[in-house]
Protein chains: 2
Amino acid sequence: MNIGQASDASGVSAKMIRYYEEIGLVRPMGRTGNNYRVYGEEEVHILRFIKRARNLGFSLEETEMLLKLWQDKERTSAAVKEVATAHIGDLERRIAEMQGMVRTLKHLAHCCGGDERPNCPILDDLAGAPAPAPQPV
Amino acid sequence: MNIGQASDASGVSAKMIRYYEEIGLVRPMGRTGNNYRVYGEEEVHILRFIKRARNLGFSLEETEMLLKLWQDKERTSAAVKEVATAHIGDLERRIAEMQGMVRTLKHLAHCCGGDERPNCPILDDLAGAPAPAPQPV
DNA sequence: GTGGACCTTCCCATGATGGGAAGGTCAAGG
DNA sequence: CCTTGACCTTCCCATCATGGGAAGGTCCAC
């Protein structure tokens, strides 16, 4: 299998496959005489693993750990769970942060006329004016 | 005011102040004879505006638009509100995406023993096994 | 006059991804 | 046999916002 076929089979772009190779995540089975990378089912499986991990928001560094655990038949499920729960915590922290932004922005947008006049509580807030008290909804 | 003092007064690092200048967000009032940047209250105000916008998750590009609207006395509040609501939509999309990840991960982590044994549904999922049915909580 | 705390510019790194150039290879069809 | 197009290769650059650090100039207090 050439890199293009591996890309089709895994859903990972050829560009990224080469990059994952560069950072040590997945190596081709070998090279043909013309220096083309050759992949087999195993490599495609790894690429799909990486893609799935990325879809769940794991960084490539975390993905690498998970990949090593996957390939380590002596792993403990505790080790895997630890990586996962740390990531969940991370996501939840970021979600909470963004929810805070949304809450503030919605309040400001709600207070903004959104009309032809220049007066705007959103800009007032950004400019450092004390925030208008949130109205009970 | 030197850049260090402007940094202290605005909470923006000197490094970032220079960068914001480079991309056209804020220029120093002038330079001293020794080529030091000089800032006044107005520039510090702009820096705080930028910082606040960044804290609300606006990109520097969006921040630039908001800054221009702020400085344009002819602006309409509708224009400002549009930038804000677009950003809210963006945040909500990202939050929903991350919540989906968390939901999946929590389910998988819940199904994972987290013990000394190697058997692990998290890895099974990443490896492409059909997900175990979520148990009603 | 010396040391330390500033300031300047310039280059590099991050993380994950894509764009694109320049050049080699292969297969199919004229 | 030759061309064309679809592959492949490596290499460099860009993104976004931020920080690190080097090399060198400046200023103030002791």
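All values below come from the heavy atoms of this structure, side chains included, with hydrogens, waters and symmetry mates left out. Below, chain A is the first sequence line, B the second, and so on; all start at residue 1.
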Nearest whole angstrom, please: distance from the P of C:dA5 to the CG of B:Asp8.
15 Å
Within the side chain of B:Lys51, is there an N or O that forms a donor-acceptor pair under 3.5 Å with the backbone of B:Ser10?
no
If you find the nucleotide of DNA chain D closest to A:Tyr36 and the one closest to A:Lys15, which residue's nucleotide is nearer the 5' end?
A:Tyr36
Could you check whether B:Arg18 gets within reach of a base, just the sugar-phosphate, or nothing at all, counting any heavy atom under 4.0 Å?
base
Do B:Leu91 and A:Leu105 come close enough that some side-chain heavy atom pair is under 4.5 Å?
yes
Backbone of A:Asp115 reached by a side-chain donor or acceptor of B:Ser77 within 3.5 Å:
yes
Proximal nucleotide (of D:dG19, D:dT10, D:dA17) relative to the B:Tyr19 side chain
D:dA17
Separation of atom CE in B:Met1 from atom P in C:dC6, rounded to whole Å:
16 Å
Is B:Tyr20 close enough to D:dT18 that one of its side-chain N or O atoms is under 4.0 Å from OP1 or OP2 there?
yes
Would you mind reading off the distance between A:Glu21 atom CD and D:dC11 atom P, rounded to a whole angstrom?
12 Å
Rounded to whole angstrom units, what separation is found between the CD1 atom of B:Ile17 and the C1' atom of C:dC6?
14 Å
In whole angstroms, how far is the P atom of C:dG15 from the CZ atom of A:Arg94?
14 Å
Separation of C:dA16 atom P from A:Asn55 atom CG, nearest Å, is 14 Å
When you measure from the side chain of B:Arg54 to the backbone N and O of B:Phe58, does any donor-acceptor pair fall under 3.5 Å?
yes
When you check the phosphate oxygens OP1 and OP2 of D:dT18, does a side-chain N or O of B:Ser13 lie under 4.0 Å from one of them?
no
Which is more 5' along DNA chain C, the nucleotide nearest A:Phe58 or the one nearest B:Gln5? Just name the residue.
B:Gln5
Report yes if a side-chain nitrogen or oxygen of A:Arg37 is closer than 4.0 Å to either non-bridging phosphate oxygen (OP1 or OP2) of D:dT9; otherwise report no.
yes
On the nucleotide C:dT9, are OP1 or OP2 found under 4.0 Å from the side-chain N or O atoms that B:Arg31 carries?
yes
Counting only side-chain heavy atoms from C-beta out, which of D:dC8, C:dA16, C:dG18 sits nearest to A:Arg54?
C:dA16
Which of the following nucleotides, D:dT26, C:dT9, C:dA16, is nearest to the side chain of B:Asn34?
D:dT26
If the plane angle is over 60° it's perpendicular, under 30° parallel, otherwise tilted; pick one for B:Trp70 and B:His45.
perpendicular
Integer-rounded Å distance: C:dA16 P and A:Glu64 CD:
11 Å
Given D:dA17, D:dT9, D:dG21, identify the nucleotide with an atom nearest to the side chain of B:Ser59.
D:dA17
Whole angstroms only, please: what is the CD-P distance between A:Glu61 and C:dA13?
18 Å
